[in-house]
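Worksheet: one structure, shown below.
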Amino acid sequence: MSEHRAMLLDMVDKLFTKLVENGVRDNLSAEDFSRHWRAIEGLGLTRLLIPEQAGGFDGNWEDAGPVFKALGSYGITLPLGENILAQHWLHRLGQDIPEGIIQPAFAESRTGDVLVLRNGAGFAKAQWIFALEPDRWSLLPTGNADRSPSAKSGAVLRCNISTSVANGPLETGDRAFFSEAALMRACQIAGATETMLRITLGHALDRTQFGRPLARFQAIQHQLAMLAEENAAASCATASACQAALAGDAQFEMAAAKFRANRAATLAADIAHQVHGAIGFTREYSLRHFSQQAQAWAREFGNERHWALWLGRFALEARPDPLWNWLTARSDDVLAREQRGQS
Amino acid sequence: MMIPDFPPIRVLPEGAPERENIRAFLDEQLDPFSPAERARSWSACDARFSEELGKQGLIGLTWPEKFGGKAASHLVRYRIVEELLAAGAPVAAHWFADRQSGTMLLRYASERQKARLLPRMAAGELYFCIGMSEPDSGSDLAALRTEARRDGEDWRVTGSKIWTSHAQHAHYMIALVRTGSDESDRRTGLSQLIIDLSSPGVTIRPIEDQTGDAHFCEIFLDDVLVPADMLLGEPGNGWAQVNAELALERSGPERFLSSHVLIEEALKALSENPSETLTALVGHWTAELWTLRQMSLAVAGTLERGGDPMVEASIVKDLGAQFEQSVPRDLQAAWDQADIADESGELDETLTYLVGASPSFSLRGGTREILRGIIARGLGLR
Ligand SMILES: Cc1cc2nc3c(=O)[nH]c(=O)nc-3n(C[C@H](O)[C@H](O)[C@H](O)COP(=O)(O)OP(=O)(O)OC[C@H]3O[C@@H](n4cnc5c(N)ncnc54)[C@H](O)[C@@H]3O)c2cc1C
């Protein structure tokens with residue numbers, strides 16, 4: 001690992017440890033939220049993928065992946081990943097980065113100048129929306145948006161495009177952003193499965209029943225082995241997709257990583273809860289910050305059905321080239337580019 | 001607490017043949033084989049193919065040149081092996097010699113035996129089999145009873161082995177046998193011998209499996225003479241040696257490619273725009289295959305750097321077997337005549353074969369339960 005990256009991850013570990021001590025996982029008041037967010041912004045983390053000469057951290061996907069993963073392993077749901085990606089994209093699109101929190105959102109429909117956006121509860125905390133249509137982007141202040149009365153927790157927003165402070169065509173298309181956001185979520189899931197594994201191992205070693213620790217029962221050992229397998233798959237898939245993203249086009253790898261991480265999220269959560277027994281089901285206990293959050297992340301930016309169909313069409317369209325041929329060609333290409341980059 | 005680690009591979013195999021060249025060679029060689037025959041791959045023996053591969057210099061690649069190898073890295077071998085398996089080449093004849101017996105000889109055999117055996121193994125002419133399991137000793141390998149007694153400097157072996165893959169074609173077996181007895185620890189007093197299967201006192205009987213193939217065998221050993229310099233390594237060191245041997249056979253591409261021929265054949269037979277169920281299944285396969293290959297390559301990278309990824313290798317094998325077993329099962333469940341063109345019946349035949357063969361994927365080379373036990377030990381649970 002480069003020194004630059006080791007420093008970054010060390011900084012992130014310290015910051016996240018502190019945030020967790022200060023209650024970042026609890027239900028946050030607006031004030032608490034701002035306090036935590038200022039701590040993150042103070043370190044310049046939202047500028048992770050912006051070049052140095054533009055005042056950024058000069059990071060790449062192999063720096064961002066571990067940061068996203070750390071969000072998952074610490075159980076932190078602040079929209080850092082979203083802001084890293086939104087700032088990265090705005091910079092690439094030649095746009096100055098505005099002050100405040102940006103929420104990326106995909107347009108569900110457009111009638112005249114009115115965009116209908118749907119993107120979970122994130123809008124409540126954001127000052128800006130980075131709105132993506134299939135071939136256009138716009139940056140909109142949330143202040144002027146109309147929160148649909150029918151939608152729960154502000155999940156649907158109506159925005160008038162005329163209020164945008166900037167907009168333009170999207171040459172890559174909005175799916176490129178969707179894939180990157182999917183990989184971000186996949187990394188977060190991999191972090192969450194790792195913590196599920198750690199705390200479930202700890203619990204199995206501590207908790208005694210029938211006069212011995214749960215860890216001594218073979219049925220429990222095998223469950224934990226399977227949890228470790230799922231964590232390994234999520235971790236390797238996401239790290240490999242970040243590696244591919246750094247080398248070049250990685251839409252396939254991002255899709256595969258999100259699909260695999262989604263599967264790991266549910267299998268890991270199932271095992272972690274079972275091994276914990278009732279204590280893991282309480283609000284007080286920390287497991288839910290990982291088990292429930294991993295599954296929420298699995299639903300966002302493409303569930304398994306979405307990515308399985310996307311990957312299936314990708315493989316079918318590649319015919320008559322055998323699956324094996326393009327799969328190995330892609331991975332050889334990643335390594336070749338990486339080696340060229342180093343030399 | 002140790003969390004198993006899979007750092008992505010960072011290097012291309014240096015000096016490896018181009019995939020295109022390997023594929024051109026395989027296309028030509030495998031033309032006469034039906035898909036169901038190719039699906040057998042490392043369960044199918046073909047002396048002519050192994051010899052041809054030896055001529056191409058593609059066996060024993062990692063061995064020193066003086067023993068017929070190319071002194072290539074394990075990553076070079078990985079590329080060749082994954083191409084052979086993805087294409088469904090009938091590699092079983094030389095498979096065990098190439099994957100593990102050769103390495104065991106290099107580590108532990110006398111110089112004379114290395115010089116005598118390795119070059120012919122690399123030529124694809126001399127085959128080895130693995131004599132570990134016995135009738136009363138499967139997962140519990142240390143319970144084995146086949147015994148070797150001293151006869152002067154030499155050994156006399158009596159007992160039996162079972163499930164020995166391709167023993168009927170093999171020239172030699174590396175057998176784990178009991179050479180001493182220690183009631184308190186069954187693992188001491190085990191040794192590895194290279195047994196010449198043409199020796200007097202050796203009887204080999206193939207056993208038909210449920211698909212009708214006969215690849216594994218029973219071997220009876222009745223006072224078989226084994227010369228002193230056919231002992232592998234140190235007497236009494238067999239347990240440690242065999243565990244090192246098992247590490248060579250757990251994370252390779254054969255642990256997730258056993259159903260690959262079926263995947264490629266299904267893709268060929270699927271219509272232009274198949275049902276969502278079938279499309280999603282193909283998507284699922286690509287994601288799993290890509291992930292497993294990345295994991296297996298990560299372990300190969302760790303091995304190449306001299307690490308000891310015992311737990312990671314067991315993870316690859318267990319997840320890989322689950323995937324290989326899911327492929328025929330899920331294709332059968334999603335099969336839809338309207339979307340699949342299989343006039344020749346070849347896809348159906350391949351599927352039927354793999355439904356029959358796939359239960360063995362989580363038995364051979366260490367069962368699912370044994371692997372999970374190894375992983376649990378690595379996690380500090382036992
Ligand atoms: C196709 C094929 C090829 C083979 N080739 C070879 C070969 O070339 N050479 C060779 O030596 N062997 C070979 N084997 C044998 C193979 O290694 C054994 O089948 C395997 O080690 C399991 O032993 P067993 O079949 O006796 O099953 P058993 O050990 O009797 O196991 C039966 C079941 O009990 C479970 N079990 C056993 N012990 C435990 C435990 N402690 N905890 C929990 N569950 C347990 C097992 O996981 C399994 O599910 C081959 C097997 C197959 C199927």
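Chain letters run A, B, ... following the sequence lines, proteins first and then strands; every chain starts at 1.
With values rounded to the nearest 0.5 angstrom, L335(A) atom CG is found 8.0 Å from L297(B) atom CG. Atoms CZ and OG1, on R305(A) and T279(B) in that order, are 10.5 Å from each other to the nearest 0.5 Å. A distance of 9.0 Å separates CD1 in I375(B) from NE2 in H222(A), rounded to the nearest 0.5 Å. Between the CG atom in L281(B) and the CG atom in L309(A) there is a gap of 11.0 Å [rounded to 0.5 Å]. Rounded to the nearest 0.5 Å, atoms CG (L85(B)) and CH2 (W324(A)) are 8.0 Å apart. Expressed to the nearest 0.5 Å, how far CG of D318(B) lies from CD of E229(A) amounts to 4.0 Å.
Of the residues considered (K268(B), E272(B), R368(B), Q294(B)), Q294(B) shows the highest number of contacts with chain A, using heavy-atom pairs under 4.5 Å. The choice from Q218(A), R330(A), E253(A) that makes the most heavy-atom pairs within less than 4.5 Å of chain B is E253(A). Each of V282(B), L319(B), I374(B) has some count of heavy-atom pairs under 4.5 Å with chain A, and the biggest count is that of L319(B). Among the candidates L316(A), T328(A), I220(A), the residue making the largest number of heavy-atom pairs closer than 4.5 Å to chain B is T328(A). For the options E230(A), K258(A), R263(A), heavy-atom pairs under 4.5 Å to chain B are most numerous at R263(A).
Contacts of E304(A) with chain B are absent, with no heavy-atom separation under 4.5 Å from either backbone or side chain. With a threshold of 4.5 angstrom between heavy atoms, F252(A) approaches chain B through side-chain atoms but not through N, CA, C or O. Neither the backbone nor the side chain of E312(B) comes within contact range of chain A; no heavy atoms are under 4.5 Å apart. Contacts between L257(B) and chain A at a heavy-atom distance below 4.5 Å involve the side chain alone, from C-beta outward. Looking at A329(A), there are no atoms closer than 4.5 Å to chain B (heavy atoms on both sides), in backbone or side chain. Interface remark: S271(B) contributes backbone atoms only to the contact with chain A (heavy atom separation under 4.5 Å). For a residue to count as touching a neighbouring chain, one of its non-hydrogen atoms must lie under 4.5 Å from one of that chain's; by this rule E20(B) does not touch chain A. Heavy atoms closer than 4.5 Å to chain B are found in the side chain of N231(A), but not in its backbone. Interface residue R79(B): only side-chain heavy atoms are found under 4.5 Å from chain A. Residue I263(B) touches chain A through its side chain alone, counting heavy-atom pairs closer than 4.5 Å. Contact annotation for S235(A): neither backbone nor side-chain heavy atoms come within less than 4.5 Å of a heavy atom of chain B. With a 4.5 angstrom heavy-atom cutoff, R19(B) touches chain A only via side-chain atoms. The contact between R23(B) and chain A is made entirely by side chain atoms (from C-beta outward), counting heavy-atom distances below 4.5 Å.
Minimum interatomic distance between G380(B) and L205(A) (heavy atoms only, all atoms of both residues): O-CD2, 3.8 Å. When all heavy atoms are compared, the tightest approach of A233(A) to T291(B) is O-CG2, 3.8 Å. Shortest non-hydrogen contact noted between G283(B) and L311(A) is CA-CB, 3.6 Å. R372(B) and A225(A) make their closest contact through O-CB, 3.6 Å (heavy atoms, listed as atom of the first residue, atom of the second, distance). Residues L379(B) and A228(A) approach most closely at CD1-CB, 3.9 Å, considering heavy atoms. Heavy-atom minimum distance, A257(A) versus W290(B): N-CZ3, 4.0 Å.
Without hydrogens or angle criteria, E264(B) side chain to L323(A) main chain gives a donor-acceptor distance under 3.5 Å. Checked by atom type and distance alone, the side chain of Q243(A) pairs as donor or acceptor with a backbone atom of I9(B) at under 3.5 Å. A donor-acceptor pair under 3.5 Å links the side-chain atoms of R216(A) to the main chain of L381(B), judged by distance alone. R319(A) contributes a side-chain N or O that, together with a main-chain N or O of L267(B), makes up a donor-acceptor pair within less than 3.5 Å.
Side chain to side chain, S331(A) and R293(B) meet the donor-acceptor criterion of an N or O pair below 3.5 Å.
No side-chain heavy atom of V11(B) sits under 4.5 Å from any side-chain heavy atom of E338(A).
With a 6.0 Å radius and a threshold of 12 heavy atoms from other residues, nucleotides or ligands, H74(B) has its NE2 atom at or below the threshold. Heavy atoms from other residues, nucleotides or ligands lying under 6.0 Å from CD of Q274(A) number 12 at most.
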Check against salt bridge (Lys or Arg N to Asp or Glu O under 4.0 Å), E62(A) and R10(B): CA-CA 13 Å; E62(A) 293 210 85; R10(B) 297 278 169 195; 2.7 Å; yes

